[in-house]
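To start, I am sharing the structure in question, which I have written as structure tokens.
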Amino acid sequence: MSKKLLFMNSSISIFPLFFLLLLGLEASHALPLSTNSRWIIDKEGQRVKLACVNWASHLDLVVAEGLNKQPVDVISKKINDLGFNCVRLTWPLYLATNHSLASLTVKQSFLNAGLLDSFSGVQANNPSIVDLSLISTFKEVVASLTKNKVMVILDNHLSKPGWCCSTTDGNGFFGDKYFNTDLWIDGLTKMATLFKDNPYVVGMSLRNELRGPKQNANDWYRCMQKGAEAVHKANPNVLVILSGLSYDKDFNFLRKKPVSLSFTGKLVFEAHWYAFSDGQAWKNENPNQVCSRVVNNIMGMSGFLLNQGFPMFISEWGIDLRGINVNDNRYLNCFLAWMVEHDLDWALWTMVGSYYLREGVVGMNEYYGLLNSNWAEVRNTSFLERISVMQSPLQGPGVSPRRIHKIIFHPSTGLCIKRNPMTAMELHLGKCSESNYWTYTPQKNLKIKYSYFCLKAQGLGRPPRLTLYCPSAGTIWTPISDSKLHLSTSLSSNTSVCLDADSNNNLITTTCKCLSKDNKCDPGSQWFKIVDAANHVITNPATLQGQHPELM
């Protein structure tokens with residue numbers, strides 16, 4: 001069979017476009033996707049937020065990970081059930097350009113690697129794929145996600161199958177040992193063509209983490225623009241997602257010269273941010289100072305594209321979900337505050353609980369994996385609760401200006417400040433989807449919208465509450481510290497306190513801590529972010545019974 005026939009004759013399940021509605025959104029939100037300034041929108045012009053998880057299919061076996069542990073449809077449904085509407089599905093270039101590799105069967109791939117036990121797992125959980133070619137198996141994974149109404153972004157992760165990424169692996173930049181530009185464009189074209197009739201394949205990420213000694217802006221423009229045009233020509237419906245330099249952190253060169261493309265309304269830029277991107281700074285330095293410095297760097301190197309009218313897709317981020325990595329834990333509070341503030345699209349690394357074979361290790365456990373090593377249970381349920389606010393849009397097209405308000409977000413818990421529905425004046429941390437509508441006035445009062453009630457500190461170690469006496473002592477709240485994530489106010493005794501959450505997640509006000517220098521102190525419990533929101537986040541109707549309208 002020729003290469004052309006291998007790709008063009010492969011069939012996938014196709015559903016009528018008008019039946020394909022996005023997960024969790026109203027029926028008016030229909031595919032395909034496009035862009036409106038910095039937002040990704042649907043066919044009707046409504047905001048669609050990409051809340052994705054990475055699913056690796058680029059390693060040595062070139063089979064989506066986990067198929068030895070669970071049926072593919074079980075994994076796809078699990079992704080949907082956990083609140084993700086999208087998968088960033090990785091693939092190696094050679095899957096699309098090397099006929100010998102693409103036509104290898106799943107059985108041959110595992111047996112060639114000597115992974116008999118892993119193959120037995122695949123045979124038990126996914127018997128229908130064992131004799132399929134690797135490219136057909138990849139298509140089956142996409143078809144399963146489509147069936148479960150999960151959008152797909154195809155990410156060309158590297159060329160030669162294996163673990164990514166180093167500066168010397170030959171996959172880093174155009175002209176490297178395994179990175180032939182013409183072959184890359186050929187592979188992108190084939191993948192775009194292969195899935196052009198599946199509207200759930202909503203985007204293509206052209207190349208993961210460009211890096212290495214050969215990287216330079218001139219070649220970036222020349223090659224990335226050519227790749228973007230090839231993808232758009234093959235499938236004009238997909239979002240075209242471009243990565244930056246230096247492991248997908250640097251777009252500074254775009255300040256002087258924009259991307260030049262023949263099409264509009266489809267361009268998205270992607271960036272990555274992990275704790276280890278900054279070494280051990282989060283552990284070894286004061287988190288307030290690190291958070292300020294790193295956020296300023298990110299906004300300077302890539303975040304400025306938001307102001308230029310382009311969506312920014314944080315296509316990789318994540319932490320050690322065992323909760324034992326101090327560097328990761330401190331980073332996460334800053335990261336979540338930043339993400340919710342800007343309401344960015346994103347893809348968590350990773351869904352993967354374990355790998356068939358990674359860097360020579362069979363069955364390696366993935367501690368950044370959302371699922372545990374058997375791919376059945378969630379590794380860390382509290383983490384899922386913390387990121388739930390990011391899974392729905394807070395801002396963007398389709399928002400009624402009358403509904404614009406604030407929420408007060410606590411990254412350490414993923415919760416927001418809300419009125420206790422059982423009392424008139426007490427406050428607590430609760431689901432952000434049930435938050436009251438807040439405003440932050442020019443007088444620095446945090447008031448419940450359309451009411452006279454504002455947030456007041458009562459004293460050290462005491463819970464804050466609502467008051468009608470605004471402004472007064474304890475009601476003027478100012479973001480302080482380098483991170484601007486502490487909310488501080490002065491009591492009548494001229495004592496300054498910060499909003500805090502105790503070990504039981506009860507709201508209190510305490511002495512402001514960890515403001516500078518101290519690297520052993522973790523300020524996470526005192527970090528709050530006043531965030532713009534709109535009618536996407538509304539008070540749950542079930543909580544309105546007996547609630548005064550002016551408190552809503």
Between Asn288 and Trp527: side-chain donor-acceptor atoms closer than 3.5 Å: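 Trp527 and Asn288 do have a side-chain donor-acceptor pair below 3.5 Å.
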
Qualifying salt bridge (Lys or Arg N to Asp or Glu O under 4.0 Å) pairs with a residue from residues 295-316, counting only residues at least two apart or across chains: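 Qualifying pairs, neighbours excluded: Arg88-Glu316.
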
Steps toward side chain to side chain contact (heavy atoms under 4.5 Å, CB included) verdict (His342, Met299): CA-CA 11 Å; His342 295 284; Met299 294 305 294; 3.9 Å; yes

For Asn506, all residues meeting side-chain hydrogen bond (donor to acceptor under 3.5 Å, both in side chains), sequence neighbours excluded: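 Residues passing side-chain hydrogen bond (donor to acceptor under 3.5 Å, both in side chains) with Asn506: Asp502.
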
Residues that Glu426 engages under salt bridge (charged side-chain N to carboxylate O under 4.0 Å, His left out), provided they are two or more places apart: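 Salt bridge (charged side-chain N to carboxylate O under 4.0 Å, His left out) list for Glu426, sorted by chain: empty.
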
Residues Asn333 and Arg386: side-chain donor-acceptor under 3.5 angstrom: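 Yes.
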
Any donor-acceptor N or O pair under 3.5 Å, side chains Arg207, Asn156: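 Present: a donor and an acceptor within the cut-off.
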
Ring centres under 6.0 angstrom apart (Tyr331, Trp273):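 Here the rings of Trp273 and Tyr331 have centres that are less than 6.0 Å from each other.
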
Residues His272, Ser277; criterion side-chain hydrogen bond (donor to acceptor under 3.5 Å, both in side chains); working and verdict: CA-CA 9 Å; His272 294 175; Ser277 303; over 6 Å; no

Polar contact flag, side-chain donor to acceptor under 3.5 angstrom, His157-Thr90: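 Looking only at side-chain atoms, Thr90 and His157 do not form any donor-acceptor pair under 3.5 Å.
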
Contacts of Cys470 that satisfy disulfide bond (SG atoms under 2.5 Å apart) - sequence neighbours left out: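 Expected list: Cys454.
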
Set of salt bridge (charged side-chain N to carboxylate O under 4.0 Å, His left out) partners for Glu209, sequence neighbours left out: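 Counting only residues at least two positions away or on another chain, Glu209 forms no salt bridge (charged side-chain N to carboxylate O under 4.0 Å, His left out).
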
Disulfide bond (SG atoms under 2.5 Å apart) partners for Cys165, two or more places apart: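 In terms of disulfide bond (SG atoms under 2.5 Å apart), with neighbours along the sequence ignored, Cys165 is linked to no residue.
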
Distance-only polar pair, side chains of Ser260 and Gln225, donor-acceptor under 3.5 Å: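 There is no such pair (donor and acceptor under 3.5 Å, judged by atom type) between the side chains of Ser260 and Gln225.
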
Qualifying salt bridge (Lys or Arg N to Asp or Glu O under 4.0 Å) pairs, either residue in residues 404-413, two or more places apart: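 Salt bridge (Lys or Arg N to Asp or Glu O under 4.0 Å) check on residues 404-413 returns Lys406-Asp532.
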
Side-chain H-bond candidate by donor/acceptor type, Lys513 with Ser525, under 3.5 Å: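 Side-chain D/A pair, Lys513 to Ser525: present.
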
Positive for side chain to side chain contact (heavy atoms under 4.5 Å, CB included) with Ile408, one of Leu507, Leu446, Val531: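 That would be Leu446; it is the only one of Leu507, Leu446, Val531 passing the side chain to side chain contact (heavy atoms under 4.5 Å, CB included) with Ile408.
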
Pairs involving residues 253-268, ordered by first then second residue, that meet salt bridge (Lys or Arg N to Asp or Glu O under 4.0 Å) (sequence neighbours left out):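 Every pair satisfying salt bridge (Lys or Arg N to Asp or Glu O under 4.0 Å) with a residue in residues 253-268: there are none.
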
Donor-acceptor pair between Asp482 and Ser292 side chains, under 3.5 angstrom: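 Side chains of Asp482 and Ser292: no pair found under 3.5 Å.
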
Pair Thr350, Glu366: side-chain N/O donor-acceptor within cut-off below 3.5 Å: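 Their side chains do not contain a donor-acceptor pair, so the 3.5 Å distance test is not met.
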
Polar side chain donor-acceptor pair, Thr510 to Gln526, under 3.5 angstrom: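 Short answer, yes.
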
Set of ring-ring contact (aromatic ring centres under 6.0 Å, His included) partners for Tyr367, sequence neighbours left out: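 Listed in chain order: nothing, the list is empty.
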
Test item: side-chain donor near acceptor, Thr439 and His405, under 3.5 Å: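 No, no side-chain donor-acceptor pair sits under 3.5 Å.
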
Candidate pair Phe251 and Phe269, rule ring pair (Phe, Tyr, Trp, His ring centres under 6.0 Å), full reasoning: CA-CA 9 Å; Phe251 286 102; Phe269 293 98; 5.2 Å; yes

Ring centers of Phe313, Trp346 separated by less than 6.0 Å: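 No; Trp346 has its ring centre 6.0 Å or more from that of Phe313.
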
No-hydrogen, no-angle side-chain donor-acceptor test under 3.5 Å, Asp248 and Ser243: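 No, because no side-chain N or O of Asp248 sits under 3.5 Å from a partner of the opposite role on Ser243.
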
Partners passing ring-ring contact (aromatic ring centres under 6.0 Å, His included) against Tyr469 (at least two apart in sequence or in another chain):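 Checked Tyr469 against ring-ring contact (aromatic ring centres under 6.0 Å, His included); zero matches.
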
Thr146/Asn198 under side-chain hydrogen bond (donor to acceptor under 3.5 Å, both in side chains): CA gap, chis, key distance, verdict: CA-CA 8 Å; Thr146 298; Asn198 184 344; 2.9 Å; yes

By ring-ring contact (aromatic ring centres under 6.0 Å, His included) - contacts of Tyr274 (at least two apart):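 For Tyr274, the residues satisfying ring-ring contact (aromatic ring centres under 6.0 Å, His included) (neighbours in sequence not counted) are Phe276.
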
Pairing residues for Phe409 by the ring-ring contact (aromatic ring centres under 6.0 Å, His included) criterion, not counting sequence neighbours: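 Here no residue qualifies.
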
